[in-house]
Every structure is written in C-alpha cells, then in structure tokens.
Amino acid sequence: MSEETIGHGTWYDMMAKKVIERERSLNRDMSKVRTEMGLGASGFPHIGSLGDASRSYAVTLALKNLNCNSELIAFCDDKDGLRKVPAGISKDMEKYLGYSVSSIPDPFGCHESYGKHMSSLLLDALDKCGIEYKYYSAKQVYEEGLLLNEIRTILINAKKVGEIVKQEVGQETYTEVLPFFAVCEKCGHLYTTRAYKFDPKTDKVSYKCEGLEIRGKLIAGCGHEGEVDIKSGEGKLTWKSEFAARWKALDIRFEAYGKDIADSVRINDRICREVLCFEPPSHAKYEMFLDKGGKKISKSAGNVFTPQVWFNYGSPQSLLLLMLKRFVGTRTLGVSDIPAYMNELDSLEEVYFGKKQVGEKEATKLKGLYLYCYVMKPPAKPSVHVPYNLMAFLVKMAPKECLNDYVTEKLQSYGYLQKNQTLDANLLQRIKYALNWTRDFEEIKETEVELTAEEKKAIAELITKLQTEDDPDKIQNAIFNAAKDNAIKPGAFFKTLYQVLMGAPQGPRLGPYVLAMGKQNVLAALQRVLSKS
RNA sequence: GGGUCCGUAGCUCAGUCAGGCUAGAGCGGCGGACUCUUAAUCCGUAGGCCGCGGGUUCAAUUCCCGUCGGACCCGCCA
C-alpha cells in the first residue's frame with residue numbers, strides 16, 4: 001500500500017528494488033550487479049530477441065538509478081550448433097547442420113562466420129537503441145576457459161545433474177549421458193557426440209560420435225570415439241547446465257527469459273544452487289511475441305519480424321516503447337502497429353515536457369517510461385510531432401520532384417511548423433519512415449473510374465480552362481465552376497478528381513496541388529480518363 | 001499431461017511498481033452544421049452484468065480461489 005514512488009515508477013524500478021533486496025538478504029557483494037541476456041546466433045534475430053535485451057537493460061538502468069552499479073552482459077551463443085536452416089537461406093547450408101555456428105561460413109559472405117553474421121544483426125539493433133552491454137562470445141569463453149571450474153564441477157556431479165533434470169522435466173537422457181557436447185575431432189560435428197566419461201585428473205571427456213535426430217531428421221555421426229580436453233574449447237555444456245555455469249562464472253544477478261525456456265531456467269536454477277553452490281540470479285519471465293496470425297515469431301520460420309524491419313518504418317525509441325510498455329502478456333504484433341507506437345511515443349514526449357497534462361501518478365509513470373525508451377538520455381527539447389498517418393498521407397500526395405518543399409509548406413500551413421521554420425533532422429527521418437511505409441504498404445493504385453456524362457463534360461471543360469490558368473486559387477475556382485455548371489455537387493466532383501488523379505477518395509486542396517504535380521501531368525491524366533470511358 | 005497469457009463499447013485496445021469518485025481512448029455508427037473540401041473541420045449522440053461464480057476488503061475491472069472460452073509454450077533438442 002506504499003504510495004511512495006520507486007525510481008521512475010515503472011515495472012523495472014520495482015524489479016530493481018526486488019533484486020537489491022534479494023542480494024542484500026543473501027549478503028552478497030553489491031559492487032557490481034550484473035544482468036544478462038542471451039544473444040542468439042543461430043538464426044535471424046527477431047523482435048523477441050530484442051525484448052530480452054531491452055528489458056534486461058531497463059533493469060540495469062533501474063539498478064543504476066537506485067545507486068547500484070550494474071552492467072548488462074550480452075552473452076552470444078555462437079558456440080551453439082546449427083539445428084535448422086532458417087527460411088530465406090539456401091538449402092545448401094543443410095550440410096552444416098550440427099556444426100557450431102561459429103565454425104561454419106557466412107552464407108552472405110560478409111562476416112567471418114554464420115554465427116557472427118546473425119549475432120551482429122542483433123548487436124546492430126542494440127546499438128541503434130542505445131543499449132550498452134559487455135559482450136561475451138561463447139566460443140571465446142570456452143577457449144579462454146572462463147567456465148572451467150564450473151564445467152569440472154558439473155561433470156564430476158553429472159549424476160546429480162541428471163537427477164535434477166529427470167525430476168524437473170522427466171527427461172532421462174542425462175542420467176546416462178554427460179551434459180556436454182564435444183566437437184568430434186574427426187568430422188567436426190558438435191551435436192552428434194555423446195559424452196559418457198569424464199576424468200577429473202586429465203580434464204578429458206570421452207565421447208562417441210553417434211549422430212542425432214532433430215525434428216525427424218538424422219544428422220549422421222561418423223562413429224569416431226575420442227577424448228577432448230575441456231580446456232581446449234572443443235566442446236560445450238548443454239543448455240541444461242550451461243546457464244548455471246555462466247551465472248556463477250560471470251556472477252549474474254538478474255536474467256529475464258521467455259516462457260519457452262522456462263523449464264530450462266528452472267533446471268539451471270537448481271543446478272546452480274545445488275551443484276555449483278551459487279544462488280541463481282533473480283528472474284523475470286516474459287511472454288512471447290506473436291505475429292498477427294497468432295503464431296510465435298520464430299527465428300527459423302518464414303515470418304521473421306526483425307528489428308531491422310521495424311527501423312524501416314519506426315524509430316528505435318518506438319521499438320523500445322513496444323518492448324518496455326508492458327512486461328506481462330502475450331503480445332501480438334505486426335508491422336501495422338508501428339505508426340501507433342510512433343504516435344504514442346510523441347504523446348509520451350508531450351507528457352514528459354509538460355505539454356500535456358495528466359494525473360500526477362500517471363505522469364510519473366509515463367515520464368519514467370519515456371526515459372527508459374531513451375535509455376535515460378532524453379532529448380533536450382521535444383521534436384515536432386506530426387501524426388504518422390498525416391506524414392504518410394503527405395508524402396504519398398507529394399510530387400516526387402519537390403517532396404521536401406511540399407511537405408514543409410503543408411506542415412507550415414497546418415501549424416506544425418512556424419512560417420519560416422524548415423525541416424529538421426527529426427522530421428527528415430520521419431519523412432523517410434513515411435516514405436518507406438507508403439512505398440511498401442500504400443502503393444497508389446491505378447483505379448478504374450466510371451464517369452457519368454456530366455462528369456465527362458465537366459472534366460472536358462476543366463481541361464480547357466486549365467490550359468490557360470496558372471493561379472492556384474483560380475484553378476480551385478475553375479474546378480468548382482466546372483462542377484456547378486454541370487449540376488454536379490462540388491464534393492462529389494472533387495471526389496471523382498481525387499480518384500482519377502491519385503486513386504484516393506480525398507486529398508489535398510487541388511488548386512495548388514495541380515501546379516505542384518505539374519499541370520501537364522494533370523492534363524494528361526484527365527485526358528486519359530476521358531478517352532478511356 | 002504440465003504451465004503461462006488473454007477475455008473491458010461494433011472494432012483495436014488503455015486502465016499492471018500502487019484497489020478508491022460517474023470505467024476511458026482511437027476508429028467506426030447515427031444526427032446535424034458548413035455552396036470554395038489541405039488525414040476536411042465543427043457540434044451533438046448512442047453503445048459496457050469490465051467472460052462467469054465465489055472470497056478478501058469500508059471499497060475489486062484491479063488482489064486470491066474456482067470455472068468457461070480463446071491463444072500460446074513445454075512435454076524432442078537447444
């Protein structure tokens with residue numbers, strides 16, 4: 001029932017407070033409280049991957065705000081094996097199934113490996129959002145032996161680990177097999193090996209390359225039997241123990257996770273506590289993002305909605321707003337939601353700068369949310385807020401040759417810009433988003449227009465008049481006169497003209513627009529429709 | 001079989017660190033105004049057992065339990 005606002009009044013502030021309280025009660029060192037996120041490297045990053053990052057980072061920011069030093073660890077899973085070739089990538093890649101993603105080539109040829117290519121896409125999105133992190137590559141972590149102690153402890157206590165897995169999810173594999181994938185020294189596969197013995201004296205794991213079935217597909221093993229030194233980096237813990245090792249080795253205190261790996265987290269919590277004797281990090285479970293069809297947005301399915309797609313139409317901050325606005329709840333989303341988030345961000349900005357009045361409690365919360373969207377680095381002053389639809393409409397109607405001038409003029413006359421104010425960087429960016437949007441989703445269609453006899457006559461008259469008229473107001477008048485002279489309601493006639501000229505039922509004031517569009521073009525279009533019908 | 005989320009106006013949804021006045025917004029609908037129309041504007045208006053049933057409370061859309069409906073995740077592997 002406390003009415004006191006914690007931090008910035010968001011969910012993240014509350015979470016940070018809980019983390020701090022928990023760490024205090026555990027009596028742990030608080031000089032640096034680390035949060036962690038996983039960085040997928042086996043497929044195209046999707047919106048959900050960024051959700052993990054942005055929420056963890058928000059907790060880091062909240063911790064800092066509560067005077068608790070914190071940093072976000074981005075742990076890149078580039079040691080994982082390729083399990084499925086994502087849609088959009090050549091089927092040739094199938095020959096690499098079962099190999100570590102950092103050891104197979106980049107199909108796009110621009111990075112040193114497949115894993116690097118994929119993870120860099122997500123890192124790029126993080127950078128655009130202003131999310132700061134400390135980067136760890138799994139490959140490097142294994143090569144440098146950062147997890148050595150944990151790997152040893154886990155392998156020595158493999159029986160207990162297997163027991164935990166069995167108790168938690170009923171899977172019995174690990175009561176027989178060690179939770180470790182060795183890279184086969186003969187064929188190089190990662191997922192085809194079964195580790196069956198660990199010798200603590202030599203640090204060596206004995207394995208046999210037997211093959212693995214993934215979704216009904218068999219990746220053949222080569223039958224090789226060998227040994228691998230866990231110090232060599234030629235192998236990794238399976239997921240049902242690797243988290244635990246990471247948490248302890250990197251001293252992680254908070255990690256958010258999607259509900260799809262809830263089981264794995266539960267198991268790792270126990271391994272962390274019972275085998276590694278390290279109290280696992282605080283957790284927050286979030287729901288998955290679904291696309292409009294209600295299907296989980298998956299890295300390998302064809303329906304990838306990547307951060308890069310978002311950035312075509314909306315700002316990084318608007319994407320963070322989507323991520324941070326709500327923590328619970330399955331979100332269904334699609335590209336079509338972007339304008340709404342852009343507008344909502346503007347509205348938050350108005351609240352933040354005191355231009356829009358809301359209740360005190362609500363204002364605190366909304367301002368906090370705004371700050372998180374800007375990762376605590378808000379602009380010094382608000383930008384010009386042009387509603388997304390309006391901008392899309394304007395760029396759609398604008399003649400291509402003088403787009404910026406046309407938009408500037410319109411924004412001035414609507415009062416969004418002062419009389420001699422011009423487009424700033426923010427507005428130019430908004431124009432870019434709107435252009436991409438209209439180009440991809442609102443292509444102007446050639447619509448067939450049926451004309452009545454009166455309309456034909458009116459258009460013919462208008463054509464004559466237009467040929468000698470160059471004043472916008474007079475052209476506007478000519479249109480009204482052409483309508484009235486032929487007993488057509490002006491409203492209806494305008495509608496017809498809009499249909500003919502731009503395929504929409506309404507549009508900008510026509511007089512000036514005819515000139516902006518180029519009078520010859522308009523005349524040609526009118527003549528075309530006359531000769532057609 | 002285990003678990004999670006959702007259910008609020010015709011539609012899309014706010015209302016989740018914190019239970020509190022008469023439950024909101026946008027779009028749509030309906031009625032009206034404006035003979036010179038810039039997502040057209042302006043005015044007015046209807047529409048809700050907040051899925052259902054219990055519980056806690058002075059007070060529940062909000063918290064708890066149950067239930068129905070919808071969706072998803074796990075039950076291979078990671």
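First the proteins, then the strands, lettered A, B, ... as listed; each starts at 1.
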Is the base of B:C36 stacked against the aromatic ring of A:F480, taking ring centres under 5.5 Å apart and planes under 30° as the test? yes

What stems, by residue range, does RNA chain B take part in, given at least 3 consecutive Watson-Crick or G-U pairs under 3.5 Å? B:1-7 with B:68-74, B:10-13 with B:24-27, B:29-33 with B:41-45, B:51-55 with B:63-67

Which residues pass the side chain to side chain contact (heavy atoms under 4.5 Å, CB included) test with A:K64, not counting sequence neighbours? A:T60, A:S70

Residues forming a salt bridge (charged side-chain N to carboxylate O under 4.0 Å, His left out) with A:E172, sequence neighbours excluded: none

Can you name the side chain to side chain contact (heavy atoms under 4.5 Å, CB included) partners of A:Q476, sequence neighbours left out? A:F480, A:F494, A:R509, A:L510, A:P512

What distance, rounded to whole Å, do you find between the two C1' atoms, one in B:A33 and one in B:C17? 48 Å

Would you kindly give the NZ-to-P distance between A:K259 and B:A71, to the nearest whole Å? 13 Å

For A:R253, what residues pass the salt bridge (charged side-chain N to carboxylate O under 4.0 Å, His left out) criterion, not counting sequence neighbours? A:E23, A:D251

Find the distance A:K285:NZ to B:C72:C1' and express it as a whole number of Å. 12 Å

What interatomic distance, in whole Å, is found between P of B:G3 and the corresponding atom of B:U67? 12 Å

For A:E163, all residues meeting salt bridge (charged side-chain N to carboxylate O under 4.0 Å, His left out), sequence neighbours excluded: none

For B:A78 and A:Y174 - does any side-chain N or O of the residue sit under 4.0 Å from the phosphate oxygens OP1/OP2? yes

Answer yes or no for A:R194 and A:Y207: cation-pi contact, defined as NZ/CZ to six-membered ring centre under 6.0 Å and angle to ring axis within 45°. no

Spacing of A:D263 atom CG relative to B:G3 atom P, expressed in whole Å: 11 Å

Take the protein atom OH of A:Y286 and the nucleotide atom C1' of B:C73, then report the distance between them rounded to whole Å. 13 Å

Separation of atom OH in A:Y257 from atom C1' in B:A78, rounded to whole Å: 17 Å

Would you measure the distance from the P atom in B:A25 across to the matching atom in B:C72 and give it in whole Å? 33 Å

